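Note on naming: letters A, B, ... go to the chains in the order of the sequence lines (proteins, then strands), and numbering restarts at 1 for each one. Fair warning: this is a prediction, and the values are worked out from it, not measured in the lab.
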2 protein chains.
Amino acid sequence: MAKRADARRNSDAVLEAAAAAFVAAGVEAPVRDIAARAGVGVGTVYRHFPTRADLVVAVYLHQIEACAEAGERLLTEGPTPFAALARWIDLFVDFLVTKHGLAAALRGDDPQFESLHSLFLERLLPVCTRLLAAARESGEIRTEIGPFALMFGVGNLCAGAGVPDYDARTLVSTLVAGLRA
Amino acid sequence: MAKRADARRNSDAVLEAAAAAFVAAGVEAPVRDIAARAGVGVGTVYRHFPTRADLVVAVYLHQIEACAEAGERLLTEGPTPFAALARWIDLFVDFLVTKHGLAAALRGDDPQFESLHSLFLERLLPVCTRLLAAARESGEIRTEIGPFALMFGVGNLCAGAGVPDYDARTLVSTLVAGLRA
DNA sequence: TCGACAAATGGAACCATGTTCCGTATCGTA
DNA sequence: TACGATACGGAACATGGTTCCATTTGTCGA
C-alpha cells in the first residue's frame with residue numbers, strides 16, 4: 001500500500017527542517033528543534049526516521065552518491081592513480097568540512113550513527129579501496145595503510161574544522177603526501 | 001587558611017575515583033558514577049572540581065608534564081631536530097591513545113573542556129613550537145603547517161583509537177612523513 | 001574541654017535532551 | 001457517509017549535567 005499523502009508531506013517537511021537545522025546547529029541538532037521547525041511532533045520525526053543517522057543519511061544521500069561516482073570517474077581521467085586518489089580525497093574532504101559536525105559523528109563509538117556508518121562503508125569504502133589499490137599497483141604508494149584506516153583518518157582530520165588556525169585540507173594534503181614512501 | 005582535613009581527604013578520594021572511572025568508562029564518565037565510586041555526593045565533586053576538565057587535568061597533569069619535559073630533552077639528544085619532533089609526537093600519541101576518549105575531548109567545541117584545552121595549549125604547544133621551528137630551520141621540513149594545527153591534527157587522528165582496522169600510530173607516522181616536502 | 005562559626009557535605013531538585021507510547025485525529029476507500 | 005487503517009502529537013519517562021541550601025563537621029580560641 002502507498003504511503004498516505006499526509007505522511008509523505010510530513011516526511012518531506014521533516015527532511016527539509018533537518019537540513020536547515022543541520023546547517024544552523026550541526027548534525028547533533030536537538031530532535032525537538034527539528035520537529036518544531038517542521039511543525040510536527042517529535043513522534044512524527046521518529047516515525048519517519050527512527051534514528052538520527054537515518055535523517056543524516058536522507059539529507060546527504062545525494063552528495064554521498066555523487067562523491068562515490070566521482071571516484072569511478074577520476075580513476076579513468078586522472079593522469080595517474082595516485083593523482084586520482086588525491087583528487088577524490090579532496091572531494092571527500094570538501095564534503096565533510098562543509099557539514100558541521102558530520103566528521104565528528106563518523107567516529108564510530110556512538111551506536112546512534114550506525115546506519116550512517118554503514119552507508120559510508122558500503123558506498124564510499126569500495127571506491128577508496130579501488131583507488132588505493134590502483135595507486136599501490138602503479139608503485140606510487142608504499143605504505144601499509146588500508147582503505148578503511150585512510151578514510152577514517154581523513155574523516156578524523158576533518159573533525160573540528162572551523163577552529164581558527166586549523167585547516168583540515170592542509171593536514172589531509174600532508175597525510176596524503178606521506179603515503180608516498 | 002589551609003584546607004580542612006576532610007576536604008583534602010574527599011578531594012583525593014574523588015581524584016582516585018575519577019582516575020578509575022576514566023579507565024573504565026572514558027573521560028566522559030558520568031559525574032554521578034565518579035561521586036558514587038568516591039563515596040561522596042555530586043555536590044562534593046563539583047566543589048573540588050568545578051568542571052570535568054579540572055578533573056581530567058588533575059588526573060593527567062603528571063603525564064602531561066612529563067611529555068612536555070621530554071620534548072626539551074629530545075631536542076638536545078636527537079640526531080636531528082626532525083627526529084626529535086617525530087619522537088616527541090610518538091610520545092604524545094602514546095599518551096593520547098591510552099586515554100579512552102581524551103583525544104575526542106580535545107576537539108575544542110565543548111566549553112566544558114576549556115581548562116583542559118588551556119593546559120595543552122600552555123604546556124605542550126610551546127614545546128611543539130620549538131621542535132617544529134628547529135626542524136624547519138634545519139631544512140628538514142617544508143610545509144606551512146603551524147604547531148597548533150599539527151598538534152590538533154595529531155590529536156584528531158588519535159580520536160577513535162580502539163576501532164578495529166584503525167591504527168592511529170601508523171596514520172600519525174604517515175602524517176609526519178608528509179611534513180618533509 | 002567545649003562552644004561557636006566557617007567550611008564542607010550530600011542529595012534533592014532543576015534543566016536539557018533522547019526516546020517511547022498511546023489516545024486522538026485524519027486519510028482513503030467502500 | 002461511515003469505517004478501519006494509518007499517522008499524529010506531545011505527555012511521560014530515562015539519562016546525565018548542574019545548582020542550591022539545610023545539615024553536618026572540622027577547627028580554633030577561650
Practice task
State, with a plain yes or no, whether a side-chain heavy atom of Leu179(A) is found less than 4.5 Å away from one of Leu85(A).
Solution key: yes
Practice task
For the side chain of Pro30(A), starting at C-beta, report the closest nucleotide among dG18(C), dA7(D), dG11(C).
Solution key: dG18(C)
Handout entry: Length of the CD-P vector between Glu28(B) and dT18(D), whole Å
Key = 11 Å
Practice task
May I ask you to evaluate whether Thr44(B) reaches the phosphate of dG10(C), defined as a side-chain N or O under 4.0 Å from OP1 or OP2?
Solution key: yes
Practice task
Pick out which of Arg169(B), Arg87(B), Lys99(B) makes a salt bridge (Lys or Arg N to Asp or Glu O under 4.0 Å) with Asp94(B).
Solution key: Arg169(B)
Exercise for the section: May I ask you to say what Ala35(A) touches in the nucleic acid, namely base, sugar-phosphate or nothing, with a heavy-atom cut-off under 4.0 Å? Expected result: nothing
Practice task
Determine whether any donor atom in the side chain of Arg32(B) lies under 3.5 Å from an acceptor atom in the base of dT15(D), or the reverse, and answer yes or no.
Solution key: no
Handout entry: Selected nucleotide, minimal atom distance to Gln112(A) side chain, candidates dT19(C), dG18(C), dC8(D)
Key = dT19(C)
Practice task
Map Asp6(A) and Tyr46(B) onto DNA chain D by nearest heavy atom, then report which one ends up closer to the 5' terminus.
Solution key: Asp6(A)
Problem - Val172(B): which of Asp167(B), Val97(B), Val93(B), Leu96(B) passes side chain to side chain contact (heavy atoms under 4.5 Å, CB included) - result: Val93(B)
Exercise for the section: Classify the side chain of Arg4(B) versus the base of dA8(C) as yes if they form a donor-acceptor pair under 3.5 Å and no if they do not. Expected result: no
Exercise for the section: On DNA chain C, check which nucleotide each of Pro50(A) and Arg9(A) is closest to and give me the residue with the more 5' one. Expected result: Pro50(A)
Handout entry: Side chain to side chain, Trp88(A) and Cys128(A), heavy atoms closer than 4.5 Å
Key = yes
Problem - d(CZ, Arg47(A); C1', dG9(D)) in whole Å - result: 10 Å
Handout entry: Rounded interatomic separation in angstrom, taking CG from Asp33(A) and C1' from dG18(C)
Key = 13 Å
Exercise for the section: Report yes if a side-chain nitrogen or oxygen of His48(A) is closer than 4.0 Å to either non-bridging phosphate oxygen (OP1 or OP2) of dC8(D); otherwise report no. Expected result: yes
Handout entry: Whole-Å distance separating the CZ atom of Arg52(B) from the C1' atom of dT18(D)
Key = 12 Å
Exercise for the section: To the nearest Å, give me how far apart CD1 (Ile34(A)) and C1' (dG9(D)) are. Expected result: 17 Å
Exercise for the section: Would you mind telling me which of dT19(C), dA8(C), dA7(D) lies closest to the side-chain atoms of Asn10(B)? Expected result: dA8(C)
Problem - Residues which pass side-chain hydrogen bond (donor to acceptor under 3.5 Å, both in side chains) with Ser118(A), listed by chain and number, not counting sequence neighbours - result: Glu114(A)
Problem - Between C1' of dT25(D) and NZ of Lys3(B), the distance in whole Å - result: 16 Å
